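Below is one structure; the comments refer to it alone.
As the structure is a computational prediction, the values presented were derived from the model and not from experiment. The figures here come from the full heavy-atom set of this structure, side chains too, leaving out hydrogens, waters and symmetry mates.
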Amino acid sequence: MAKEITGREENYSQWYNDIVKKAGLAENSAVRGCMVIKPYGYAIWEKMRDQLDKMFKETGHVNAYFPLFVPKSLFEAEEKNAEGFAKECAVVTHYRLKNDPDQPGKLMIDPEAKLEEELVVRPTSEAIIWNTYRDWIQSYRDLPILINQWANVVRWEMRTRPFLRTAEFLWQEGHTAHASKEEAIHEARQMHDVYATFAEDFMAMPVIKGFKTESERFAGADDTFTIEALMQDGKALQAGTSHFLGQNFAKAFDVTFSNDKNENEYVWATSWGVSTRLIGGLIMTHSDDEGLVLPPKLAPIQVVIVPIPKPDEALIEKAQEIADSLKALGISVKIDTDETKRPGFKFAEYEMKGVPVRLGLGKRDLENKTIEVARRDTKEKMSIEIDNIVPYVEQLLIDIQTNLFNRAKNYRDNHITQVENFDQFKDVIENKGGFVLAHWDGTPETEDKIKEETKATIRCIPIDAPEEHGVCVYSGRPSNKKVLFAKAY
RNA sequence: CGGGGCGUAGCGCAGUCCGGUUAGCGCACCUGGUUUGGGACCAGGGGGUCGCAGGUUCGAAUCCUGCCGCCCCGACCA
C-alpha cells in the first residue's frame with residue numbers, strides 16, 4: 001500500500017505534488033517558484049531531450065546557443081512580443097555587489113554599478129536570435145536557417161507548480177528563417193507534427209492538434225499550432241506549440257534577403273518549443289494513487305530486478321545473467337542489491353517511481369526455474385519460465401507502452417463532449433470536465449464571455465474539425481465549425 | 001496585488017489561547033540483536049540559536065512591536 005500519497009479523488013493537486021516529491025522527481029528550492037530537478041526527474045528529461053533532439057536532427061535542424069540576457073532595447077523591438085511578456089520578465093539592472101557599511105557581513109547592490117542598459121533575462125529568445133540573424137542573412141542562398149537551442153528561460157509567474165509552471169524552466173526553442181511564407185508555414189506544421197508524434201509515440205499521451213485563436217496565440221505570431229492533452233482531472237494541458245511568425249520579427253529586426261531576382265524581401269520565421277512542462281503532462285496522464293507510472297520509452301529504469309528475500313550470490317548471478325541479456329536488447333535494467341531494505345519496501349518504492357516492469361527473483365524461483373513479473377501499468381503479477389524471460393520482457397515493454405497510450409486515449413475520447421447549447425456547455429465543463437466541442441461565432445468577445453462565465457478557454461480549433469453549419473453556443477450567431485473548449489492548466 | 005494559513009530536529013507535527021522543571025512525538029538517521037516472498041521488530045543513541053530583531057517579565061516557543069520567508073485560493077500564464 002502506498003501509504004504516503006494523497007489519493008486523486010481526495011485532492012488531485014496534492015496527489016500531483018506528492019508524486020513529484022515521493023518519486024524523487026523534483027523539490028522546491030530556496031528560490032521562489034524555482035524547483036530543483038533531482039536526478040530521477042532529470043533522467044526523464046534527458047530521455048525526452050535525446051529523443052526530441054534526434055527528431056529535430058532528422059528534420060534537418062542543428063543546435064546552437066544564444067545568450068541568456070537580452071538588452072531591453074532589443075527585447076522591445078517586436079512590440080507585440082514585448083508586450084506579451086513584459087509583465088513576467090526578470091531584469092538585471094546592476095552588475096556588482098559590495099559590503100553594506102551599515103550591516104557588517106551583509107551585501108548590498110553597489111549603486112555605482114548600474115548598467116547603462118537593463119538586461120532582460122530571456123523569457124523566450126526570438127529577439128536576441130533575430131537580431132543575430134540579421135547579420136547572418138543576406139541572400140536567399142543563406143536560407144533556410146534551421147536552428148534549435150536547448151536552454152533555460154525565466155518567466156516570473158505569480159503562481160507556480162512543479163514542472164507545470166515554474167519561474168525558470170528548461171526547454172528547447174527552434175527558430176527558423178525562410179525565404180517564403182509557404183516554406184515557413186510548412187516548417188511550423190512539420191514541427192507541430194513532430195511534437196504530436198513525440199507526445200503520442202513516446203509519452204503515450206494522446207494529443208489533439210489544432211490552431212490557437214487570436215487571443216490565445218503566442219505574442220508576435222501570425223498563427224500558433226498547438227498540441228493539447230487531457231489530464232486525469234479533466235483539465236487540458238497545452239503540451240507544445242509551434243508558431244508561424246510571419247515577417248513580424250524580420251520587420252522588427254530588419255532582417256531582409258535578396259531573392260533570385262535581386263529584390264529585397266523580409267525573411268519569414270517560425271519558432272517552436274516544448275518544455276519540462278511535458279514531465280508534468282507525463283505524470284498526470286498515466287500515474288495512479290500508488291505513484292508515478294512511466295511509459296517504457298521514457299523510463300530511466302525500464303526493468304528492475306529485486307532479489308528475494310535479499311541478495312545472495314546465486315540470486316545476483318542469475319539476475320546479472322538476465323540483466324545482461326536484456327541490456328543487449330537496449331533495455332535499461334537495475335538490479336537492486338541493497339541488503340538493508342526488505343522486498344516489500346522495494347516493491348512499493350519502484351511502484352512509486354513508475355518503473356514499468358519489476359522482476360522478483362527468489363530462491364523458490366531458482367528451484368522452479370521461474371521468475372515473477374510485475375507490470376506497473378496494470379499491477380498484474382505472473383510467474384514466467386526463467387528461460388523465456390528475456391523475450392517476454394521485451395514484448396511486455398512494448399505492450400505496456402501500447403496499453404498506456406490506449407488507456408489514456410480511451411479516457412480522453414470519453415471526455416470529448418459535443419454540446420449544442422450553453423446550458424449543456426456549462427454542465428459538462430462543471431460536472432464532467434474534459435474537452436467540449438461546441439460552435440463558436442469566431443469573436444474574441446464571445447471567447448472572453450465564455451471564459452468569464454465558465455473558466456473554460458478555447459484550447460484550439462482542431463486541425464481536422466469538419467465543416468458543419470451551426471450556431472454559436474453562446475451568441476447564437478452562425479458558425480461553420482466546432483472548436484475545442486476546456487479548463488486548462 | 002487581494003483573501004486565508006503557517007514558520008519548533010532532515011521531513012511531518014504537538015506545545016502557543018492561559019508565560020514556569022531538562023521543549024516533546026512520529027518518520028528518517030546511527031549502534032546492536034532478532035528477522036526477511038508486499039512498506040519488519042526490540043533495545044539503546046545522536047541531532048534544536050523554537051524564522052529574525054527588539055521589547056515586557058524574576059522567567060518567553062508562549063505576551064507586545066517591527067521585519068523576513070513560505071504555502072494554499074484568486075487575477076496572469078507554457
Any strand, both distances under 3.5 Å, Watson-Crick or G-U wobble: B/rU22 pairs with none
Test salt bridge (Lys or Arg N to Asp or Glu O under 4.0 Å), reference A/Glu290, set A/Arg376, A/Lys22, A/Lys379, output is A/Lys379
| task | Tell me what A/Phe169 touches on the nucleic acid: a base, only sugar-phosphate, or nothing, going by heavy atoms under 4.0 Å. | result | base
By the Watson-Crick or G-U definition, both distances under 3.5 Å, B/rC1 is matched with B/rG74
(message) Between B/rU8 and B/rG51, how far apart are the two P atoms, rounded to whole Å?
(response) 6 Å
Open item on the list: What contact category does A/Leu237 fall into here, base, sugar-phosphate, or nothing, at under 4.0 angstrom with non-hydrogen atoms?
Closed with: nothing
When both distances are under 3.5 Å in a Watson-Crick or G-U wobble arrangement, the nucleotide paired with B/rU56 is none
Using the side-chain contact (heavy atoms from CB on, under 4.5 Å) rule, take A/Arg412 and A/Lys409 through it: C-alpha gap first, then chi angles, then the decisive distance, then the call.
CA-CA 5 Å; A/Arg412 198 276 311 272; A/Lys409 187 161 185 300; 3.9 Å; yes
What's the gap between B/rA43 and B/rA9 when it is taken at their C1' atoms, as a whole Å value? 22 Å
Sugar-phosphate only, base, or nothing, as touched by A/Gln238 at under 4.0 Å among non-hydrogen atoms = sugar-phosphate
Among B/rG37, B/rC71, B/rG38, the one nearest any side-chain atom of A/Asn28 is B/rC71
Winner on side-chain proximity to A/Lys455, out of B/rG38, B/rA75, B/rG37, is B/rA75
Of A/Tyr489 and A/Lys341, the one whose nearest nucleotide on RNA chain B sits closer to the 5' end is A/Lys341
Report task. Quick one: label A/Lys381 by what it contacts on the DNA or RNA (base, sugar-phosphate, nothing), any heavy atom closer than 4.0 Å. Result -> base
side-chain hydrogen bond (donor to acceptor under 3.5 Å, both in side chains) test vs A/Thr224 passes for just one of A/Glu214, A/His192, A/His243, namely A/His243
To the nearest angstrom, the CG-P distance between A/Leu164 and B/rC72 comes to 12 Å
**Request:** Describe the nucleic acid contact of A/Lys363 in one word from base, sugar-phosphate, nothing, applying a heavy-atom distance below 4.0 Å.
**Result:** base
**Asked** Hey, do the aromatic rings of A/Tyr195 and A/Phe198 have their centres closer than 6.0 Å?
**Response** no
- For A/Thr457, which contact category applies under a 4.0 Å heavy-atom criterion: base, sugar-phosphate, or nothing? nothing
key: B/rA23 and B/rA60, which share atom name P, separated by this distance in whole Å   = 13 Å
When rounded to whole Å, the CD to P distance for the pair A/Glu452 and B/rA75 reads 11 Å
By the Watson-Crick or G-U definition, both distances under 3.5 Å, B/rG37 is matched with none
Closest to the side chain of A/Ala348, out of B/rG37, B/rC76, B/rG39, is B/rG39
Of the listed B/rU36, B/rC76, B/rG37, the closest approach to the A/Lys87 side chain comes from B/rC76
Of the candidates B/rU36, B/rC76, B/rG39, the side chain of A/Glu349 sits closest to B/rG39
When rounded to whole Å, the CG to C1' distance for the pair A/Asn17 and B/rC72 reads 10 Å
What's A/Glu351 touching, base or sugar-phosphate or nothing? Going by heavy atoms closer than 4.0 Å. base
Using the P atom in both, what is the distance from B/rG44 to B/rC25, to the nearest Å? 13 Å
The salt bridge (Lys or Arg N to Asp or Glu O under 4.0 Å) partner of A/Asp336 among A/Arg358, A/Lys346, A/Lys353 is A/Lys346
Separation between NE2 (A/His61) and CD (A/Gln172), nearest 0.5 Å, reads 9.5 Å
A/Glu27 atom CD is separated from B/rC71 atom P, nearest whole Å, by 13 Å
Rounded to whole Å, the NZ-C1' distance (A/Lys310 to B/rG38) equals 18 Å
Assert: residue with more 5' nearest nucleotide on RNA chain B, out of A/Ala488 and A/Ala374, is A/Ala374
So what does A/Arg161 hit on the nucleic acid, given a heavy-atom distance under 4.0 Å: a base, only sugar-phosphate, or nothing?
nothing
A/Leu361 atom CG is separated from B/rG37 atom C1', nearest whole Å, by 11 Å
Exercise. Heavy-atom count around A/Gln14 CD within 6.0 Å, excluding the residue itself: above 12?
Worked result: yes
With a 4.0 Å cutoff (strictly under), does any side-chain N or O of A/Arg342 reach OP1 or OP2 of B/rU35?
no
Checking N1-N3 plus N6-O4 or O6-N4 for Watson-Crick, or N1-O2 and O6-N3 for wobble, each under 3.5 Å, the partner of B/rG7 is B/rC68
Applying the 3.5 Å cut-off to both distances, the Watson-Crick or G-U partner of B/rG46 turns out to be none
